[in-house]
Amino acid sequence: MIVTTTELFKHAYGKYAIGAYNINNLEQAVGLFRGNLGKVKKNDEPVNEDLAAPFILQISRGARSYTDKRFLEAIIRAAEEVFPEAIFAVHLDHGTEEVCYDAIDSGFYSSVMIDASHELFEKNVEITKRVVDYAHKKGVVVEAELGQLGGVEEDVVGSVCLTDPELAAEFVRLTGCDSLAVAIGTSHGAYKFVGKQGVRLDRLAEIQKALPPGFPLVMHGASSVPKEWVDRINAAGGKLAQTSGVNEADYLKAAKLGVCKINIDTDGRLVWCAIYRESFRDKPEDFDPRTPGKVFMAAYAEYIIHKNQVLGSAGHLKEVRSLLAARV
């Protein structure tokens with residue numbers, strides 16, 4: 001069942017964070033749906049309610065243009081039929097104004113993100129307000145961003161500029177956005193922190209205090225970049241430099257401070273890279289694309305289960321389902 005992020009945030013606020021996972025292909029989609037239902041090896045395994053979680057499926061501009069946006073949408077629609085127990089939002093990640101309108105008009109997305117964070121405050125407000133007004137007329141909710149993360153996201157290179165709490169309150173008031181992605185020290189990509197740097201929970205607390213009670217916040221650039229997966233990639237011929245990501249212990253701390261959505265993309269790519277490299281290394285005679293694909297789908301499902309456990313969302317799907325049914 002596709003729902004809006006707003007519906008999910010109402011249940012999550014102050015208790016846990018919902019994983020927002022990017023996908024680009026069939027294998028990622030299957031692993032993602034399995035993992036969020038507590039399944040691993042087969043699509044028809046029974047749902048494990050102790051592990052099952054609501055989630056947000058993110059599609060970036062790059063994913064939409066990788067082949068053709070209709071292929072990815074068709075995969076997701078098929079997954080919804082194969083996994084009818086799943087409850088999730090379909091979210092456009094880091095959209096431009098033009099792409100946001102296209103996603104809204106498609107009738108497929110329940111949520112879009114307009115990213116005008118690289119613009120001056122007044123311009124960001126202007127662009128975001130236009131998208132919010134357009135989206136709300138069609139029942140689509142909007143995530144916006146204020147402040148800048150480091151690293152690279154799509155074609156935008158960012159330098160860290162932490163979100164100002166008072167400006168955040170003004171931005172939300174002026175735009176009417178439904179959730180706000182804030183810059184609290186994280187970065188996009190695999191290379192996030194050096195030394196003792198980390199998430200600025202102190203700044204997050206200030207932002208939460210400045211905003212209306214219960215207003216949902218979003219943390220981008222939140223992959224943990226596990227050393228285990230980096231090491232596995234390098235052992236199979238990769239050349240990734242050692243780095244550190246977001247400490248998974250910070251996820252729930254952030255959730256207690258109003259973060260309802262935590263974006264995780266890089267970690268999924270690391271799992272994909274490790275599994276495929278190991279398959280090519282260990283089975284050099286095998287040219288069947290399904291061989292690594294089968295291993296990856298199960299490994300990714302297991303990783304999604306792990307992520308949901310540290311996010312605190314694991315085991316909440318049944319409650320969310322009951323809550324949604326009561327509203328009908």
- request: Please answer whether the main-chain N or O of Lys41 pairs with a side-chain N or O of Glu45 as donor and acceptor at a distance below 3.5 Å.
  value: yes
query: Of Val131, Asn124, Val125, which is the lone residue that meets side-chain contact (heavy atoms from CB on, under 4.5 Å) with Thr128?
result: Asn124
field: Distance-only donor-acceptor check, side chains Thr291 and Asp286, under 3.5 Å
entry: yes
- request: Could you tell me which non-hydrogen atom of Gly245 sits nearest to which non-hydrogen atom of Val225, and how far apart they are?
  value: CA-CG2, 3.9 Å
- prompt: Can you find a side-chain donor-acceptor pair between Tyr303 and Asp267 that sits under 3.5 Å?
  reply: yes
- prompt: Under a 4.0 Å N-O cut-off, is there an ion pair linking Arg130 with Glu126?
  reply: yes
statement: Nearest heavy-atom contact between Val132 and Cys177 is CG2-CA, 3.9 Å
message: Let me check something: do Ile262 and Val218 share a hydrophobic cluster, defined by ILVMFWY side-chain heavy atoms less than 4.5 Å apart, either directly or through other members?
response: no
- prompt: What do you reckon, is NZ of Lys15 surrounded by more than 12 foreign heavy atoms closer than 6.0 Å?
  reply: yes
message: Using a 3.5 Å distance criterion without hydrogens, assess whether the side chain of Lys261 forms a donor-acceptor pair with backbone atoms of Ile18.
response: no
field: Contact summary for Arg232 and Ala274, nearest pair of heavy atoms
entry: CB-CB, 4.1 Å
Table please: side-chain donor-acceptor pairs of residues 248-260 below 3.5 Å, with sequence neighbours left out.
| unit_1 | atom_1 | unit_2 | atom_2 | d |
| --- | --- | --- | --- | --- |
| Glu248 | OE1 | His306 | NE2 | 3.0 |
| Glu248 | OE2 | Ser224 | OG | 3.4 |
| Glu248 | OE2 | His306 | NE2 | 3.0 |
| Glu248 | OE2 | Lys307 | NZ | 2.9 |
| Tyr251 | OH | Ala222 | O | 2.6 |
| Tyr251 | OH | Lys307 | NZ | 3.1 |

- prompt: With distance as the sole criterion, is a donor-acceptor pair present between the side chains of Tyr109 and Asp102 under 3.5 Å?
  reply: no
- request: State whether the number of non-hydrogen atoms from other residues, nucleotides or ligands found under 6.0 Å of Lys138 atom NZ is greater than 12.
  value: yes
message: What I want to check is whether the side chains of Ser322 and Glu319 have a donor and an acceptor closer together than 3.5 Å.
response: no
query: With a cut-off of 6.0 Å (strictly less than), are more than 12 heavy atoms of other residues, nucleotides or ligands near CD of Glu228?
result: yes
task: Using distance alone, with no hydrogens and no angle criterion, decide if His136 and Asp178 have a side-chain donor and acceptor under 3.5 Å apart.
output: yes
query: What do you reckon, is CZ of Arg70 surrounded by more than 12 foreign heavy atoms closer than 6.0 Å?
result: no
query: Should the pair His316 and Tyr16 be assigned to parallel (<30°), tilted (30 to 60°) or perpendicular (>60°) ring geometry?
result: parallel
